[in-house]
Amino acid sequence: MTILVLAEHDNKSVRKATLNTVAAAQKIGGGIHVLVAGHDCAAAAKAAAQIAGVAKVLHADAPQLDDEIAENVAALIVSLAKGYTHILAPATSNGKNVLPRAAALLDCQQISDIVSIEGPDTFVRPIYAGNALATVKSSDPIRVITVRTTGFDAVAAAGGSAAVETIAAPADSGLSKFVGREVARSERPELTSARAVVSGGRGMGSGENFKILEPLADRLKAAMGASRAAVDAGFVPNDWQVGQTGKIVAPELYVAVGISGAIQHLAGMKDSRVIVAINKDEEAPIFQVADYGIVGDLFQIVPTLVEELKEQELKK
Amino acid sequence: MKVLVAVKRVVDFNVKVRVKADGSGVETANVKMSMNPFDEIALEEAVRLKEAGAASEIVAVSCGVAACQETLRTALAIGADRAILVQTDAELQPLAVAKLLKSIALKEAPRLVIMGKQAIDDDSNQTGQMLAALLGWSQATFASKVKMDKDSAEVTREVDGGLDTISVRLPAVVTTDLRLNEPRYVTLPNIMKAKKKPFETLTPEALGVDVKPRLATLKVVEPAKRKAGIKVADARALVDKLRNEAKVI
């Protein structure tokens, strides 16, 4: 068995999601090759070669592979596919965009968002916003899989010494052109890999009010997130959304502030190790999953919490 | 310009689903079913394109059991001009649906196919990308803004890092994200009007598509429940718990 892993990277370095996906590949077992497809991405390919457990890195470098253009990256994956029993990508927006296209071209039924592995052809994946877990067995010759990163502990980013093989890129399909990107700039940790996450919901009342969560996030070295309601209301940008159709997170500590706990939000955070909820409605469903809850006015509780954390810090 | 919209009948998003006792799946008998919310957004977008003069005809398609007729009637009431049901009792997985939609797309020759980015039942997030692949068309997934041009569409996509904008050549497949629009409510006069709109029923066999599932579902279980926690009085008590009990700070 040989497994191809599509790396998630920014041309310069590999993102953590790649490490979780390699971990899933290790659970399946067999040789692991990592595909780094991008433009001017030699540094990312070099970083991929350091990942523990990787046997080979395939480095495809061309302008048409930049910016995650699905048509071109899928064509590349298809051109490589016949050497592999499994093709894996993290279930990031890029993996979800590219991999089903490759799967269809290979006439394979993709298995989305796996959270555990029962065997080389049998996988567990959440359905219905995580309210059920389905065990499915694939009858396809190549198993094309996206991996829910929170389901697998990352392998070490260093310690490996894989060979890097440069491979040719397919010609530009000409179907899609990248126009531009609005990148959310933040000094905070990235939402899906942060140790702690502070999220706000509709109860925040406005985008302006999210500012009161910042000192809390600072104290906890947390990423900031939001419920769908808060994003739909325009309080914060879309890439903050945690939930069934947003980001799936499983930090050590998740603090839900002014979030009622709709099913689709819980789907994105209920695997967090410790959940704290602050909400004025004591009947809010978020309290059913929270380890610790405070019922009350978030605008009073959050600043006091920040003060308490500061005090604790001083005592240390 | 003709627009094809694919809609799926799913368990209503407000229903708390229950896993069947025999572990074979999720209880769907006597459960409220609705149009997949993302597909509703897709349909709304098509209707808006038509209202803006960018689309001339909207064809709604659904694949599945006879009851998908209701979903398509809703689609007609929202503003689709006609509907096609590919009727089958067989289990349909995304690749099979993409193949069915491909054969419809080849017959109908739309310039644009719009559908939800994922269905809220199986959460696969595959069909649109697969359809684009099988047709050799461009794809624009997770759309939060669509701007039509003569031979191309400019689509803003919700991605992990923020927003990407791409320009795709037509014909194209677009899948919708939550913020693309807010679907309208269906009105009674439109429900009445929908009853008179053309409705065609086909089968996978007639379309020559093999829909045999590639994934066998071995079992479906409920995930481990988190045990309910405790309420603490104030911030001080919380910090104490986080520090000394949960040891997370």
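Just so it is clear: chains get the letters A, B, ... in the order the sequence lines come, proteins before strands, and each one is counted from 1.
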TODO: Quick one: which of Ala228(B), Ala96(B), Ser124(B) has the most heavy-atom pairs under 4.5 Å with chain A, could you say?
DONE: Ser124(B)

Open item on the list: Can you tell me which portion of Arg236(B) sits under 4.5 Å from chain A's heavy atoms? Options are side chain, backbone, both or neither.
Closed with: both

Open item on the list: Test side chain to side chain contact (heavy atoms under 4.5 Å, CB included) on Met130(B) and Gln110(A); report intermediate values, then the result.
Closed with: CA-CA 10 Å; Met130(B) 288 185 151; Gln110(A) 177 177 299; 4.3 Å; yes

- [ ] Check each atom of Arg18(B) against the heavy atoms of chain A and say whether the ones under 4.5 Å are side chain, backbone, both or neither.
- [x] neither

Open item on the list: Between Val11(B) and chain A, with a heavy-atom cut-off of 4.5 Å, which part of the residue counts as in contact: side chain, backbone, both or neither?
Closed with: side chain

- [ ] Hey, could you give me the CG/CG distance between Asp177(B) and Asn238(A), rounded to the nearest 0.5 Å?
- [x] 7.5 Å

TODO: Mind ranking Gln288(A), Gln264(A), Gln244(A), Arg195(A) by heavy-atom pairs under 4.5 Å with chain B and telling me who comes out on top?
DONE: Gln244(A)

TODO: Determine, for Phe287(A) and Lys231(B), whether the Lys NZ or Arg CZ falls below 6.0 Å from the six-membered ring centre while staying within 45 degrees of the axis.
DONE: yes

Open item on the list: Just checking Arg184(B): does its CZ atom have more than 12 heavy atoms from other residues, nucleotides or ligands closer to it than 6.0 angstrom?
Closed with: yes

Task: Residue among Glu158(B), Lys219(B), Gln139(B) with most heavy-atom pairs under 4.5 Å to chain A - done: Gln139(B)

- [ ] Mind ranking Ala104(A), Ala102(A), Ser93(A) by heavy-atom pairs under 4.5 Å with chain B and telling me who comes out on top?
- [x] Ser93(A)

- [ ] Can you establish whether the number of heavy atoms outside Lys145(B) located under 6.0 Å from its atom NZ is more than 12?
- [x] no

Open item on the list: Need one label for Leu178(B): side chain, backbone, both or neither, based on atoms under 4.5 Å from any heavy atom in chain A.
Closed with: side chain

TODO: Answer with side chain, backbone, both or neither: which region of Ala98(B) has an atom nearer than 4.5 Å to a non-hydrogen atom of chain A?
DONE: neither

Task: Salt-bridge criterion met for Asp122(B) and Arg125(A) (N-O under 4.0 Å) - done: no

Task: Short N-O contact, Asp291(A) and Lys241(B), less than 4.0 angstrom - done: no

Open item on the list: Looking at Lys177(A), is its backbone amide N or carbonyl O close enough to the side chain of Arg169(B) to form a donor-acceptor pair, meaning the two atoms are under 3.5 Å apart?
Closed with: no

TODO: Look up atom CZ in Arg181(A) and atom OG1 in Thr156(B), then write down how far apart they are to the nearest 0.5 Å.
DONE: 12.5 Å

Task: Side chain / backbone / both / neither for Leu238(B) at chain A, heavy atoms under 4.5 Å - done: side chain

Task: Residue part contacting chain A, namely of Val159(B), when any heavy atom lies under 4.5 Å - done: both

- [ ] Can you tell which part of Glu154(B) gets under 4.5 Å to a heavy atom of chain A, answering side chain, backbone, both or neither?
- [x] side chain

- [ ] Under 4.5 Å, counting heavy-atom pairs only, tell me which of Ala140(B), Gly162(B), Gly25(B) racks up the most with chain A.
- [x] Gly162(B)

Task: Salt bridge flag under 4.0 Å for residues Asp123(B) and Arg148(A) - done: no

TODO: With a 4.5 angstrom heavy-atom cut-off, could you sort out which part of Ala224(B) is near chain A: side chain, backbone, both or neither?
DONE: neither

